Amino acid sequence: NRVLIRPFTKEEVTKKNNFGIILPDTDAKQKMEQGTVLATGPGLYLDGKLVKVAVQKGDIVAFSKYGFDDIEVDGEILYLIKEENVLAILK
């Protein structure tokens, strides 16, 4: 039930944001709590049945700013989070 996300920078969110979200004035290189889903795990077994992950590769999501692990892949910092920390699918 893990999701691998490439977080947007503030600059990327500002360019793409058409959701009416007001962003605080912070460093443009700061990572935001929005990003693109790069990969997902198969899901989580509950009562012996597999419950698949609701998000899909390519989805743009908002996620909790707490509760993720930074991992580095090919020099890029990505976030690995539990699906329960995905707050919304934006696109």
Side-chain angles (χ1 to χ4, degrees):
N1 69 336
R2 306 280 185 203
V3 179
L4 184 64
I5 296 176
R6 183 181 108 10
F8 296 140
T9 62
K10 180 183 177 205
E11 185 177 72
E12 289 173 314
V13 171
T14 303
K15 283 184 199 173
K16 296 178 183 182
N17 188 352
N18 60 0
F19 307 110
I21 298 171
I22 298 172
L23 301 169
D25 189 27
T26 57
D27 181 21
K29 295 294 181 191
Q30 178 182 348
K31 299 296 184 187
M32 301 299 291
E33 293 83 38
Q34 295 179 23
T36 302
V37 175
L38 300 179
T40 66
L44 179 67
Y45 282 95
L46 294 175
D47 298 325
K49 294 183 180 180
L50 180 64
V51 178
K52 293 186 178 187
V53 178
V55 297
Q56 299 176 17
K57 182 179 178 180
D59 284 349
I60 296 174
V61 295
F63 52 91
S64 173
K65 66 179 173 179
Y66 305 108
F68 58 81
D69 295 309
D70 291 353
I71 61 171
E72 187 172 339
V73 178
D74 297 328
E76 182 178 25
I77 300 296
L78 304 174
Y79 294 169
L80 188 61
I81 68 171
K82 289 184 178 181
E83 182 189 23
E84 66 194 37
N85 290 328
V86 173
L87 304 174
I89 299 172
L90 302 174
K91 269 191 191 174

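Bear in mind the structure is a predicted one, so any value in this text is a computation, not a measurement. All values below come from the heavy atoms of this structure, side chains included, with hydrogens, waters and symmetry mates left out.
Side-chain contact between Lys82 and Arg2: present, with at least one pair of heavy atoms (C-beta onward) separated by less than 4.5 Å. Put simply, the side chain of Asp70 reaches to within 4.5 Å of the side chain of Tyr79, judged on heavy atoms. Side-chain contact check for Val37 versus Ile89: every heavy-atom pair is 4.5 Å or farther apart.
In terms of heavy-atom proximity, Pro7 sits nearest to Leu78 at CD-CA, 4.3 Å.
Cluster membership check: Leu50 does not share its hydrophobic cluster with Leu44, using side-chain heavy-atom separations under 4.5 Å among Ile, Leu, Val, Met, Phe, Trp and Tyr. Ile5 is connected to Val55 through a chain of hydrophobic side-chain contacts under 4.5 Å among Ile, Leu, Val, Met, Phe, Trp and Tyr, so both are in one cluster. Under the 4.5 Å side-chain heavy-atom criterion for Ile, Leu, Val, Met, Phe, Trp and Tyr, Tyr66 and Ile81 are members of distinct hydrophobic clusters. By the criterion of side-chain heavy atoms lying less than 4.5 angstrom apart, applied directly or through intervening Ile, Leu, Val, Met, Phe, Trp or Tyr residues, Phe68 is grouped together with Ile77 in one hydrophobic cluster. Both Phe63 and Val53 belong to a single network of hydrophobic side chains, linked directly or stepwise wherever heavy atoms of I, L, V, M, F, W or Y lie under 4.5 Å apart.
Note: Leu46 CG to Asn1 CG = 9.0 Å, rounded to the nearest 0.5 Å. In this structure, the separation between CG on Asp59 and NZ on Lys91 is 11.5 Å, given to the nearest 0.5 Å.
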message = Let's go through Leu4 and Ile71 carefully: what are the C-alpha distance in whole Å and the side-chain angles of both, what is the deciding distance for side chain to side chain contact (heavy atoms under 4.5 Å, CB included) to 0.1 Å, and is it a yes or a no?
response = CA-CA 9 Å; Leu4 184 64; Ile71 61 171; 3.5 Å; yes
